[in-house]
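Take a look at the structure below.
First the proteins, then the strands, lettered A, B, ... as listed; each starts at 1.
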Amino acid sequence: MSSSSSSKALIKTLIKNPTRIRSKHQAKQLHAQFLRTQSLSHTSASVVISIYTNLKLLHEALLLFRTLESPPVLAWKSVIRCFTDQSLFSHALSSFVDMRASGRCPDHNVFPSVLKSCTMMSDLRLGESVHGYVVRLGLGCDLYTCNALMNMYAKLQGMGSKISAGKVFDEMPQRILDGETMSNALPSGIDSVRKVFELMPRKDVVSWNTIIAGYAQSGMYEDALRMVREMANEDIKPDAFTLSSVLPIFSEYVDVKRGKEIHGYVIRKGIDADVYIGSSLVDMYAKSARIEDSERVFSHLLRRDSISYNSLVAGYVQNGRYNEALKLFRQMVTAKVRPGPVAFSSVLPACAHLSTLHLGKQLHGYVLRGGYSDNIFIDSALVDMYSKCGSIKAARKIFDRMNVHDEVSWTAIIMGHALHGHGHEAVSLFEEMKLQGVKPNHVAFVAVLTACSHVGLVDEAWGYFNSMTEVYGLNPELEHYAAVADLLGRAGKLEEAYDFISNMRVEPTGSVWSTLLSSCSVHKNLELAEKVAEKIFAVDSENMGACVLMCNMYASNGRWKEMAKLRLRMKKLGMRKKPACSWIEFKDKTHGFVSGDRSHSSMERINEFLEAVMEQMEKEGYVADTSGVLHDVDEEHKRELLFGHSERLAVAFGIINTEPGTTIRVTKNIRICRDCHVAIKFISKITEREIIVRDNSRFHHFNHGSCSCGDYW
DNA sequence: GTAGGGTTAG
């Protein structure tokens with residue numbers, strides 16, 4: 001008796017305070033009490049449903065919901081909110097449609113969820129009609145609904161259907177639009193955001209944050225910053241959301257000064273350990289080349305998610321610290337933080353730069369297992385990684401399997417073929433890209449010009465270079481001039497290259513002149529080389545590459561006096577020749593060889609091999625070309641020096657440690673030496689191996705005694 | 001109802 005009346009009392013108090021129910025157990029008890037003490041009315045069932053959904057107990061809520069013949073608004077609203085909470089957006093939307101079909105009229109509580117679902121489903125058309133409905137219900141002033149509307153228009157920019165985006169505003173009484181004329185131009189997403197914002201009678205910090213994020217993500221940085229100032233004028237204080245929208249703007253502007261001001265503000269507000277702020281700060285410092293500051297911010301984070309890690313990984317890559325990037329990626333995996341898809345597109349370029357095929361392959365495996373295939377960012381990075389790691393075939397396979405190609409993936413494969421000496425293939429891919437309606441950008445032109453340069457397609461290159469301005473309205477930048485200058489130089493048109501560089505519309509840098517200098521060296525034109533070197537030293541008096549090249553040229557011309565003078569100058573400036581080194585991967589480890597260094601544990605076997613193969617080479621007609629040896633020593637000594645060249649040591653190491661027929665992949669930090677190029681051709685023939693050498697400008701595929709570059713390099 | 005990191009060049 002008394003138990004029944006006390007439970008009725010309990011139900012009453014609980015219904016008045018549904019938030020007091022905090023556990024699944026309590027909710028189920030209440031549900032049971034209802035069933036025991038009275039038949040469950042539609043109203044009380046709705047209350048129980050809303051309690052279930054507040055606890056995110058979707059399953060329980062749905063079981064009860066489905067017993068109702070004509071669910072009241074509260075029941076509908078609860079279920080729709082819960083679907084949205086659980087990311088079941090299409091269910092949320094179809095429930096909303098069903099609710100309207102059943103004749104129930106939604107109230108303001110439900111629209112934020114519905115609009116979020118439209119946003120997440122990228123369904124702008126439905127979202128717009130919901131907007132119209134909101135206006136007709138007179139709910140166009142609801143704070144939460146308007147915030148959700150702004151978010152939707154901001155996120156779904158460029159999703160098409162711009163026509164109806166204007167419609168909603170057309171339906172409003174003209175005076176609400178504040179006399180503003182609806183121009184014939186259809187409003188873009190951000191215009192819709194602005195209009196919703198302006199019509200809001202009351203705005204809170206979320207409203208400001210939403211429009212600021214909208215401007216920031218549309219690249220309208222100044223508008224975003226203006227809004228931050230305006231919000232401060234309205235006495236609304238920027239919070240973590242505001243600032244993590246603003247910081248990326250300063251990354252983009254490479255404005256550490258203002259970034260640091262925010263950093264200070266954030267510390268004073270005690271929100272510097274926020275993960276969002278943290279990753280924005282890491283990124284901001286990294287983009288401003290202050291990677292140590294990025295590391296410091298990262299180390300102070302209390303919690304690190306995959307994005308915090310990836311901000312620093314990406315930062316390392318942007319600053320050329322590839323090994324550290326890989327190390328941190330491993331730390332992330334060890335810390336059981338699951339890398340998201342973005343992490344792969346950040347870390348793969350590190351493998352590409354380091355030419356570490358085995359790591360790249362491991363990452364590729366990870367991508368496949370993680371189900372991240374079909375991501376255009378990752379696929380483009382994979383194409384690039386495989387081609388930079390020497391496997392153009394694997395790169396092409398991935399490229400061909402991609403469903404869509406954008407200018408980045410096209411550029412990656414074009415550059416890949418260019419670097420592997422397939423200039424004609426690269427050019428025809430470039431044409432194919434244009435045929436498919438993908439507009440080449442600056443980088444694509446760098447790629448196609450590089451392709452032309454590596455195979456000597458002078459006329460084609462001129463055509464492309466001119467089409468940049470004439471057809472695509474792109475101003476040639478330093479890289480394009482450099483590529484053309486390089487092309488002319490390689491083709492032996494040294495004077496033409498000299499004039500071209502002298503008349504560039506961009507101030508030539510030391511590196512542009514340097515490519516010509518190395519062409520002068522290849523084509524043995526000392527006179528022009530001296531003129532070019534002067535140009536280089538005028539802008540960069542400590543250009544070591546130029547010093548070394550000039551020393552080489554003086555040496556090979558027997559101009560020992562000039563050479564000595566230059567040597568002395570290098571010594572005075574404290575310049576030391578960068579040692580030539582080559583790497584090869586073996587058993588998942590990288591083995592490095594420095595020219596003339598005999599410290600590797602396999603050196604004895606390497607020498608044995610080289611001596612044996614040398615004997616065979618000489619029988620087949622190899623004559624050492626000692627002209628490239630800079631040192632002023634006798635012929636015999638010169639030959640010994642060539643013998644110890646790093647690329648030769650690495651190739652030998654690869655051959656003696658692998659099964660017959662295995663492809664040998666070697667990476668060298670500077671250009672491959674002329675004599676080694678000849679020698680490795682012989683070695684490929686004698687040992688019947690494919691040998692791939694990546695030097696600092698391209699790949700050489702040696703096979704059956706010849707090289708893919710056709711000796712044009 | 002609001003926020004952060006990514007691919008192609010040299």
Side-chain angles (χ1 to χ4, degrees), chain A residues 84 108-109 111-116 119 142-152 154-155 204-214 216-217 238-248 251 274-284 286-287 294 305-315 317-318 320 339-349 352-353 375-385 387-388 405-416 418-419 440-450 477-480 482-483 486 509 511-512 515 696-697:
Chain A
T84 308
H108 64 96
N109 294 312
F111 287 109
S113 300
V114 173
L115 289 165
K116 178 173 186 171
T119 308
D142 179 63
L143 177 65
Y144 278 54
T145 303
C146 287
N147 287 345
L149 275 171
M150 285 196 292
N151 185 44
M152 176 186 76
K155 292 273 162 57
D204 67 356
V205 67
V206 176
S207 324
W208 287 95
N209 287 343
T210 307
I211 194 167
I212 289 167
Q217 282 154 16
D239 64 4
F241 283 86
T242 327
L243 301 175
S244 54
S245 290
V246 169
L247 278 169
S251 304
D274 179 281
V275 273
Y276 282 84
I277 296 281
S279 47
S280 303
L281 284 170
V282 167
D283 182 55
M284 189 272 297
K287 293 232 166 78
S294 300
D305 64 7
S306 72
I307 297 180
S308 342
Y309 272 100
N310 195 53
S311 304
L312 190 52
V313 170
V317 172
Q318 285 153 12
V342 174
F344 292 100
S345 34
S346 305
V347 79
L348 279 167
H353 282 281
N375 176 317
I376 196 162
F377 283 91
I378 295 181
D379 284 341
S380 304
L382 281 171
V383 167
D384 182 57
M385 182 277 291
S387 74
K388 298 263 173 69
H405 297 127
D406 61 0
E407 74 271 33
V408 174
S409 46
W410 277 110
T411 303
I413 196 67
I414 290 168
M415 196 63 193
L419 292 178
N441 62 12
H442 278 105
V443 190
F445 274 104
V446 174
V448 76
L449 290 172
T450 303
E477 290 165 4
L478 187 67
E479 289 76 15
H480 306 101
D486 187 40
T509 58
S511 73
V512 177
T515 58
N696 64 343
S697 87

For this session: Just compare B:dG10, B:dA3, B:dG4 and give me whichever is closest to any side-chain atom of A:Ser308.
Result: B:dG4
Exercise. Do we see A:Phe377 stacking on the base of B:dT7, given a limit of 5.5 Å between centres and 30° between planes?
Worked result: no
For this session: Looking at every strand, decide which applies to A:Asp239 at a 4.0 Å heavy-atom threshold: base, sugar-phosphate, or nothing.
Result: nothing
Seminar exercise, completed: Whole-Å distance, A:Leu312 CG to B:dG4 P, equals 19 Å
Exercise. Taking the side chain as C-beta and beyond, is there a heavy-atom pair between A:Asn151 and A:Leu115 under 4.5 Å?
Worked result: no
Exercise. Roughly how many Å is it from CG in A:Asn310 to P in B:dG6, rounded to a whole number?
Worked result: 7 Å
Problem set entry | Sugar-phosphate only, base, or nothing, as touched by A:Thr411 at under 4.0 Å among non-hydrogen atoms | base
Exercise. A:Ile211 has an atom CD1; how far is it from atom P of B:dA3, in whole Å?
Worked result: 13 Å
Problem set entry | Closest listed nucleotide, where the reference is the side chain of A:Val446 and the choices are B:dT7, B:dT2, B:dA9 | B:dA9
For this session: Using a cut-off of strictly less than 4.0 Å, decide whether A:Lys287 has a side-chain nitrogen or oxygen near OP1 or OP2 of B:dG6.
Result: yes
Seminar exercise, completed: Rounding to 0.5 Å, atoms CD (A:Glu479) and CG (A:Leu449) come to a distance of 11.0 Å
For this session: Please work out if A:Gln217 contacts a base, only the sugar-phosphate, or nothing of the nucleic acid, heavy-atom cut-off 4.0 Å.
Result: sugar-phosphate
Exercise. Between the base of B:dT2 and the side chain of A:Thr210, is there any donor-acceptor pair under 3.5 Å?
Worked result: no
Exercise. Does a distance-only test, which skips hydrogens and angles, find a donor-acceptor pair under 3.5 Å between the side chain of A:Ser346 and the base of B:dG6?
Worked result: no
Exercise. Any idea which of B:dT8, B:dG5, B:dT7 is nearest the A:Ala412 side chain?
Worked result: B:dT8
For this session: Measure the distance from CD1 on A:Ile378 to P on B:dG5 and round it to the nearest whole Å.
Result: 17 Å
Exercise. Rounded to the nearest Å, what distance is computed from the CG atom of residue A:Leu419 to the C1' atom of nucleotide B:dT8?
Worked result: 11 Å
Problem set entry | A:Ser280 side-chain N/O to B:dG5 phosphate OP1/OP2 under 4.0 Å | no
For this session: Describe, in one word, how the ring planes of A:His442 and A:His480 are oriented to each other, choosing from parallel (under 30°), tilted (30 to 60°) and perpendicular (over 60°).
Result: tilted
Exercise. Got a second to check how far A:Lys155's NZ is from A:Thr210's OG1, nearest 0.5 Å?
Worked result: 8.0 Å
Problem set entry | Proximal nucleotide (of B:dA9, B:dA3, B:dT2) relative to the A:Lys388 side chain | B:dA9
For this session: Would you give the length of the straight line joining atom CG of A:Asp283 to atom OG of A:Ser251, rounded to the nearest 0.5 angstrom?
Result: 4.5 Å
For this session: Please tell me which of the listed nucleotides, B:dT8, B:dT7, B:dG5, lies nearest to the side chain of A:Ser345?
Result: B:dT7
For this session: Have a look at A:Ala314 and say if it touches a base, only the backbone sugar-phosphate, or nothing, with a 4.0 Å heavy-atom cut-off.
Result: sugar-phosphate
Exercise. Where the side chain of A:Asp283 is concerned, which of B:dG5, B:dG10, B:dA3 is the nearest nucleotide?
Worked result: B:dG5
For this session: Mind checking A:Thr450 for me? I need base, sugar-phosphate or nothing, with any heavy atom below 4.0 Å counting as a touch.
Result: sugar-phosphate
Exercise. If you check the A:Val342 side chain, which of B:dG10, B:dG4, B:dG5 turns out closest?
Worked result: B:dG5
Exercise. Whole Å only: how far is the NE2 atom of A:His480 from the C1' atom of B:dA9?
Worked result: 8 Å
For this session: Give a yes or no answer on whether the side chain of A:Ser294 reaches the backbone of A:Ala286 with a donor-acceptor pair at less than 3.5 Å.
Result: yes
Exercise. In terms of side-chain heavy atoms of A:Asp384, which of B:dG6, B:dT2, B:dA9 is nearest?
Worked result: B:dA9
Exercise. Under the 3.5 angstrom rule, does the side chain of A:Ser409 hit a backbone N or O of A:His405 as a donor-acceptor pair?
Worked result: no
Exercise. Between atom NE2 in A:His442 and atom P in B:dG10, what is the gap in whole Å?
Worked result: 15 Å
Exercise. How close or far is atom P of B:dT7 from atom CE of A:Met385, stated in whole angstroms?
Worked result: 15 Å
For this session: Measure from the side-chain heavy atoms of A:Ala240 and tell me the nearest of B:dA3, B:dG4, B:dT7.
Result: B:dA3
Exercise. Would you say the side chain of A:Asp274 and the base of B:dG4 hold a donor-acceptor pair, judged only by whether the two atoms sit under 3.5 Å apart?
Worked result: no
Exercise. Below 3.5 Å, does any donor atom in the side chain of A:Ser279 face an acceptor in the base of B:dG4, or the other way round?
Worked result: yes
Exercise. Under 4.0 angstrom, heavy atoms only, what part of the nucleic acid is A:Val275 near: base, sugar-phosphate, or nothing?
Worked result: base
Problem set entry | From B:dG6, B:dT2, B:dA3, nucleotide with atom closest to A:Lys116 side chain | B:dT2
Problem set entry | Sugar-phosphate only, base, or nothing, as touched by A:Ile376 at under 4.0 Å among non-hydrogen atoms | base
